[in-house]
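Remarks on the structure that follows.
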There are 2 protein chains.
Amino acid sequence: MATVTDKMAQLETACREHGLPLTVQRRTILEVLADRTDHPTADQVWEAVQERMPGVSRTTVYRVLDAFVRLRLAVKAPHTGQSVRFDPRTERHHHLVCVECDRVLDLESPVLDGIRLPDTKRLGFRADDFSIHVRGVCADCRRRNR
Amino acid sequence: MATVTDKMAQLETACREHGLPLTVQRRTILEVLADRTDHPTADQVWEAVQERMPGVSRTTVYRVLDAFVRLRLAVKAPHTGQSVRFDPRTERHHHLVCVECDRVLDLESPVLDGIRLPDTKRLGFRADDFSIHVRGVCADCRRRNR
DNA sequence: CTGCCTGCAAACGATTTGCACCAGC
DNA sequence: GCTGGTGCAAATCGTTTGCAGGCAG
């Protein structure tokens with residue numbers, strides 16, 4: 001699993017390759033995102049960024065997160081709600097999604113990683129990767145339900 | 001796979017059990033949704049409903065779709081964008097998601113349906129069901145790319 | 001210097017809410 | 001008739017865009 005340091009190195013490389021400036025905002029936003037495993041929305045990232053660097057605008061956070069996705073430093077995580085969620089982990093992994101509170105937890109499983117997908121070429125679809133989306137109820141919600 | 005007729009029967013039963021009125025709007029919206037396999041947004045459902053029954057308000061479509069989810073006549077489908085998508089299929093099935101146009105296609109596979117999930121109890125998570133989310137590029141986008 | 005980036009404010013798209021009226025049972 | 005449903009307009013939430021000035025290379 002990539003560390004925050006690894007991620008920063010990836011950012012430097014990506015910016016250099018694409019001739020893009022390496023701004024302090026991009027550094028800070030990536031530090032915040034790389035640190036989290038809860039698949040935050042752009043607004044949640046913005047809130048966390050405020051603590052380290054007050055004054056960064058929401059707009060910048062939205063734009064920078066979008067740039068991270070294009071540069072493959074992050075991906076948009078599957079969710080069932082109305083705000084886009086970002087995930088700094090670009091390797092294959094899976095998700096436990098709480099249907100009550102919408103929390104998204106990572107699920108590690110080499111067995112699931114190795115699943116062979118059925119052929120989708122007859123549908124004309126080129127499959128690049130996959131992830132498993134497990135629906136259920138998280139520990140906190142189960143406790144709260146009692 | 002449930003037919004439109006099956007779905008209507010489910011709606012009647014669900015309304016009776018919960019003591020809820022069976023309105024023409026609910027019938028119409030369910031007819032429209034049950035007919036589609038493209039995981040439409042609420043707005044897309046509203047557009048289609050307009051053709052059969054002009055005058056139904058967006059608000060009603062949003063509220064009714066929400067009710068369908070509570071009554072388990074539909075589910076919210078995993079997606080990576082910013083509008084909620086609805087799926088009339090409540091049985092286990094999987095999705096092919098185009099990263100270029102956001103289209104969502106159903107993927108049938110008894111083999112995938114039978115996958116044994118790893119134990120998530122040690123995380124305190126109660127797993128109820130799962131689906132596989134395949135990322136890639138659909139036939140139309142591949143054609144368009146050339 | 002020059003181009004891309006940032007912040008601000010306004011626009012936009014998706015969804016929810018308050019309220020008065022209407023329709024199933 | 002009573003209860004919950006519907007439509008409308010306004011409010012709210014999440015996100016994007018246009019523009020003027022600022023900073024990295």
Side-chain angles (χ1 to χ4, degrees), chain A residues 8 11-30 32-33 39-50 52-71 73-74 76-86 102 104, chain B residues 8 11-30 32-33 39-50 52-71 73-74 76-86 102 104:
Chain A
M8 292 307 295
L11 175 61
E12 287 173 29
T13 307
C15 285
R16 201 169 309 126
E17 280 180 4
H18 293 257
L20 300 176
L22 183 52
T23 64
V24 54
Q25 288 89 338
R26 283 179 183 164
R27 281 178 186 287
T28 309
I29 294 168
L30 186 61
V32 165
L33 180 65
H39 313 76
T41 65
D43 245 62
Q44 290 169 334
V45 172
W46 176 78
E47 282 173 24
V49 166
Q50 286 313 99
R52 298 204 195 186
M53 190 180 176
V56 175
S57 77
R58 271 191 174 76
T59 311
T60 296
V61 172
Y62 279 94
R63 277 189 290 224
V64 167
L65 288 173
D66 226 63
F68 288 171
V69 171
R70 283 197 309 277
L71 297 172
L73 298 169
K76 294 185 180 182
H79 65 96
T80 59
Q82 71 164 313
S83 351
V84 176
R85 285 164 167 275
F86 294 87
D102 274 336
V104 181
Chain B
M8 292 308 293
L11 174 62
E12 287 175 28
T13 307
C15 285
R16 202 170 309 127
E17 280 179 4
H18 293 257
L20 300 175
L22 182 54
T23 64
V24 283
Q25 287 90 339
R26 283 180 184 162
R27 282 178 186 285
T28 310
I29 294 168
L30 187 60
V32 165
L33 179 65
H39 314 77
T41 65
D43 244 61
Q44 289 170 333
V45 172
W46 177 78
E47 282 172 26
V49 166
Q50 286 314 98
R52 297 204 198 187
M53 191 181 173
V56 174
S57 76
R58 271 191 174 77
T59 312
T60 295
V61 172
Y62 278 94
R63 279 190 289 224
V64 166
L65 288 172
D66 226 65
F68 288 171
V69 172
R70 284 198 309 277
L71 297 173
L73 297 170
K76 295 184 179 182
H79 64 97
T80 59
Q82 72 166 311
S83 356
V84 176
R85 285 164 167 274
F86 294 87
D102 274 336
V104 181

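In this text, all values refer to a predicted model and were calculated from it rather than measured experimentally. Naming convention: chains lettered A, B, ... in sequence-line order (proteins, then strands); numbering from 1 in each chain.
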Toward the 5' end of DNA chain D, which comes first, Gly81(B) or Pro21(A), by nearest nucleotide?
Gly81(B)

Close residues, residues 53-64 of chain B, relative to DNA chain C [heavy-atom separation under 4.0 Å]:
Thr59(B), Tyr62(B), Arg63(B)

Any donor and acceptor pair, going by atom type alone, linking the side chain of Trp46(A) with main-chain N or O of Thr59(A) inside 3.5 Å?
no

Between Arg85(B) (side chain) and Pro40(B) (backbone), is there a donor-acceptor pair under 3.5 Å?
no

Could you go step by step and tell me if Val84(B) and Phe86(B) meet the side chain to side chain contact (heavy atoms under 4.5 Å, CB included) rule?
CA-CA 7 Å; Val84(B) 176; Phe86(B) 294 87; 3.8 Å; yes

Using whole Å, what does the distance between atom C1' of nucleotide dG13(C) and atom CD of Gln44(B) come to?
13 Å

Let me know the distance between CG of Leu20(A) and P of dT6(C), rounded to the nearest Å.
10 Å

Between Asp66(A) and Leu22(A), which has a closest nucleotide on DNA chain D that is more 5'?
Asp66(A)

Is the backbone of Gly81(B) close enough, under 3.5 Å, to the side chain of His79(B) for a donor and an acceptor to pair up by distance?
yes

Main-chain N/O of Val24(B) paired with Thr28(B) side-chain donor or acceptor, under 3.5 Å:
yes

Can you tell me how far P of dT15(C) sits from CD of Glu47(B), to the nearest Å?
12 Å

Should Val45(B) and Arg58(B) be marked as a side chain to side chain contact (heavy atoms under 4.5 Å, CB included) after you check the CA-CA gap, both sets of side-chain angles, and the distance that decides it?
CA-CA 9 Å; Val45(B) 172; Arg58(B) 271 191 174 77; over 6 Å; no

For DNA chain D, note the earliest and the latest nucleotide, 5' to 3', having some atom under 4.0 Å of a heavy atom belonging to chain A.
dG14(D) to dG25(D)

Along DNA chain C (nearest heavy atom to each residue), the more 5'-positioned of Asp43(B) and Thr23(B)
Asp43(B)

Looking at Arg26(B) and Glu12(B), does any basic side-chain N land under 4.0 Å from a carboxylate oxygen?
no

Send over the distance from Arg16(A) CZ to dC4(C) C1', rounded to a whole Å.
17 Å

What is the separation between atom NE2 on His79(A) and atom P on dT15(C), rounded to the nearest whole Å?
11 Å

To the nearest 10 degrees, the angle between the two end axes of the helix from dC1(C)-dG25(D) to dC25(C)-dG1(D) (five pairs per end) comes to 40°

Does any N or O in the side chain of His39(A) come within less than 3.5 Å of the main-chain N or O of Val104(A), such that one atom is a donor and the other an acceptor?
yes

Nearest 0.5 Å, please: how far is CG in Leu73(B) from SG in Cys15(B)?
7.5 Å

Side chain to side chain contact (heavy atoms under 4.5 Å, CB included), paired with Leu22(A), selected from Met8(A), Arg27(A), Arg16(A):
Arg27(A)

Any base atoms under 4.0 Å from Val24(A), or only sugar-phosphate, or nothing? Heavy atoms, all strands.
nothing

Is a side-chain N or O of Gln44(B) found less than 3.5 angstrom from the main chain of Thr41(B), in a donor-acceptor match?
yes

Minimum-distance nucleotide (side-chain atoms of Val84(B) versus dC4(C), dG7(C), dT15(C)):
dT15(C)

